[in-house]
Structures are given as structure tokens and as C-alpha cells.
Amino acid sequence: MKKRLPKIKGLIIPSNWDEKGNIKAVSLHTSDEKEYLVEVGGVGKELLAHIHHKVEATGKISERLDGRKYISVHSYSTLSEPEEMVAET
């Protein structure tokens, strides 16, 4: 019997940029304020095109020695259009 991979819902936020300001990596932020860095290989790379979207991601979760959690995304679905990031004045 195959073990089911965990699913997490959250907002895709940029987490790393190159020297020109292009987004290199993203993280998934959940409603309970947890952060999962998305491994950029495979399906995870596709999430670079979904900045500020809410998604449900399925994948393998691991914790590194520094305590940060990572997700190796096997599949995902978008749950919303991008969130508006407008500052109120």
C-alpha cells in the first residue's frame, strides 16, 4: 500500500532573487503562519509562475538541519487568482 503524500494549502511568495531582481525561488505560506520552501526542481519550478496565488500542493515534506521546512512538490492546483498586494495610504 502506497503512503499518501501530505497536502498543504497556502500562498506562493517569492523567497530568493538573483542579482537582476528576478525571482529564483518561492515558498508556500499557510494560514497558520508556517513556511515551506519549495524545492525548485521538477513540478516545484512551475510555481514560479504562480506568485501570490493560493495553491494546494501535494508532496514530500522535509526539515533541514537549520529547522526550515521544505516541500518537494509532486502536484498542485491553483485555488485563486493572485492576491492584490496594494499598500493602503
task = Using the side-chain contact (heavy atoms from CB on, under 4.5 Å) rule, take I61 and I8 through it: C-alpha gap first, then chi angles, then the decisive distance, then the call.
result = CA-CA 10 Å; I61 296 171; I8 346 174; 3.8 Å; yes
inquiry  = Which heavy atom of H50 sits nearest to which heavy atom of I12, and what is that distance?
reply    = O-CB, 3.4 Å
inquiry  = Would you say CD of E63 has more than 12 non-hydrogen atoms from neighbouring residues, nucleotides or ligands within 6.0 angstrom?
reply    = yes
key: Candidates R64, K60, K45 - the one meeting salt bridge (charged side-chain N to carboxylate O under 4.0 Å, His left out) with E39   = R64
ask   = Just wondering, do H52 and P14 contact through their side chains at under 4.5 Å, heavy atoms?
value = yes
inquiry  = Within this structure, what is the CD1-CG distance for the pair I51 and L11, rounded to the nearest 0.5 Å?
reply    = 9.0 Å
query = Are I23 and V43 connected in the hydrophobic side-chain network, where two residues link if heavy atoms are under 4.5 Å apart?
reply = yes
Distance-minimising heavy-atom pair for L37 and S27 = CD2-CB, 3.8 Å
ask   = Can you tell me how far the NE2 atom of H74 sits from the OG1 atom of T58, to the nearest 0.5 Å?
value = 9.0 Å
key: Inter-residue atom distance S31.OG - K54.NZ, 0.5 Å rounding   = 8.5 Å
Spacing of S62 atom OG and Y36 atom OH [to the nearest 0.5 Å] = 11.0 Å
remark   = In short, A57 meets I71 closest at the heavy-atom pair CB-CD1, 4.2 Å
note = Between the CD atom in E46 and the OG atom in S75, the distance rounded to the nearest 0.5 Å is 10.5 Å
remark   = OH (Y76) and CG (L47) are apart, to the nearest 0.5 Å, by 5.5 Å
